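Here the structure is laid out as structure tokens; the discussion comes afterwards.
All values reported here derive from a predicted model rather than from experimental measurement.
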Amino acid sequence: MYRKRKQEIEKLHCCMDKSLELLENHLWETLKLFSGYSFTTVKGLRFHYTVNGNEILIDRKKKSITRSSVNIALKETMEMKGNVNGPKKLKVFGASYLYAIFCRFGLIKTEG
């Protein structure tokens, strides 16, 4: 599973120079592969998620994050060239979770 996830992230990085639609599709495949993986928010809260159709269900919340919200957050990230200074800059519901996921995937550059 580790190798599969690593390969998927490499594919994702290869798509970053190509079309946004291709990147969105690869991101969704990567999200599916990381379902159940343990992430940590900026505030230090651990969470997992599952993918159900076109939604991400976060274990800490009753609500879900839609695929369109993920795509909006991805577009914002690409417009800022990965230099996103905090979750609120993503301008979508569930930004604190997406920010942590995008950091893990290397879409958002973190200092250090």
Side-chain angles (χ1 to χ4, degrees):
M1 190 57 119
Y2 171 79
R3 283 191 184 118
K4 273 187 178 179
R5 287 174 173 162
K6 188 173 168 127
Q7 286 172 342
E8 200 62 38
I9 286 178
E10 287 170 5
K11 278 189 211 171
L12 192 62
H13 285 264
C14 289
C15 292
M16 287 174 76
D17 301 336
K18 298 182 176 60
S19 75
L20 185 63
E21 186 181 343
L22 184 66
L23 185 58
E24 288 171 352
N25 291 331
H26 271 292
L27 175 60
W28 198 253
E29 290 306 311
T30 307
L31 285 166
K32 285 186 202 172
L33 201 57
F34 274 80
S35 181
Y37 184 88
S38 181
F39 292 92
T40 307
T41 65
V42 174
K43 292 185 178 180
L45 302 171
R46 288 197 160 283
F47 70 95
H48 301 83
Y49 68 82
T50 55
V51 177
N52 184 12
N54 283 329
E55 296 180 312
I56 298 173
L57 306 168
I58 306 290
D59 68 347
R60 298 186 63 86
K61 292 273 181 189
K62 297 268 188 237
K63 295 182 180 176
S64 63
I65 302 170
T66 62
R67 186 171 182 167
S68 60
S69 292
V70 172
N71 290 343
I72 291 167
L74 178 63
K75 189 175 180 209
E76 289 291 326
T77 302
M78 292 298 104
E79 284 175 3
M80 291 185 254
K81 298 186 180 359
N83 298 314
V84 183
N85 300 327
K88 288 184 181 177
K89 300 282 186 194
L90 296 178
K91 302 176 186 171
V92 292
F93 173 79
S96 56
Y97 300 108
L98 291 176
Y99 184 84
I101 293 167
F102 285 9
C103 284
R104 172 62 186 88
F105 292 175
L107 297 173
I108 293 176
K109 297 173 185 132
T110 53
E111 295 171 21

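Taking CG of Leu31 as the start and CG of Leu98 as the end, the distance is 8.0 Å to the nearest 0.5 Å. Taken to the nearest 0.5 Å, the NZ atom of Lys62 stands 11.0 Å off from the CG atom of Asp59. Taken from CZ in Phe34 to CD1 in Ile9, the straight-line distance is 3.5 Å, to the nearest 0.5 Å. Interatomic distance, NE2 of His13 versus CG of Leu107, reported as 6.0 Å (0.5 Å rounding). For the atom pair Leu23 CG and Cys14 SG, the distance stands at 11.0 Å (nearest 0.5 Å). Distance check: Arg46 CZ to Thr41 OG1 gives 10.0 Å after rounding to the nearest 0.5 Å.
With sequence neighbours left out, Phe39 forms a ring-ring contact (aromatic ring centres under 6.0 Å, His included) with Tyr37, Phe47, Tyr49. Residues meeting the salt bridge (Lys or Arg N to Asp or Glu O under 4.0 Å) test with Lys11, sequence neighbours left out: Glu8.
Hydrophobic clustering of Ile, Leu, Val, Met, Phe, Trp and Tyr side chains at less than 4.5 Å, counting indirect connections, unites Leu20 with Val84. No continuous path of hydrophobic side-chain contacts links Leu22 to Met16 [ILVMFWY only; heavy atoms under 4.5 Å]. Leu57 and Phe93 end up in different hydrophobic clusters when Ile, Leu, Val, Met, Phe, Trp and Tyr side chains are linked at under 4.5 Å. Linking Ile, Leu, Val, Met, Phe, Trp and Tyr residues whenever their side-chain heavy atoms come within less than 4.5 Å places Met78 and Leu90 in a single cluster.
Contact of the Leu33 side chain with the Met1 side chain is registered, since non-hydrogen atoms from C-beta on lie closer than 4.5 Å. Side-chain contact between Pro87 and Val42: present, with at least one pair of heavy atoms (C-beta onward) separated by less than 4.5 Å. Side-chain contact between Trp28 and Lys32 is present, with at least one heavy-atom pair separated by less than 4.5 Å.
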Kindly list each side-chain donor-acceptor pair under 3.5 angstrom involving residues 67-75, sequence neighbours excluded, with atom names and distances?
unit_1: Arg67; atom_1: NH1; unit_2: Asn54; atom_2: OD1; d: 3.4
unit_1: Arg67; atom_1: NH2; unit_2: Asn25; atom_2: OD1; d: 3.2
unit_1: Ser68; atom_1: OG; unit_2: Thr66; atom_2: OG1; d: 3.1
unit_1: Ser69; atom_1: OG; unit_2: Thr66; atom_2: OG1; d: 3.1

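Atom CD of Glu21 has 12 or fewer heavy atoms from other residues, nucleotides or ligands within 6.0 Å.
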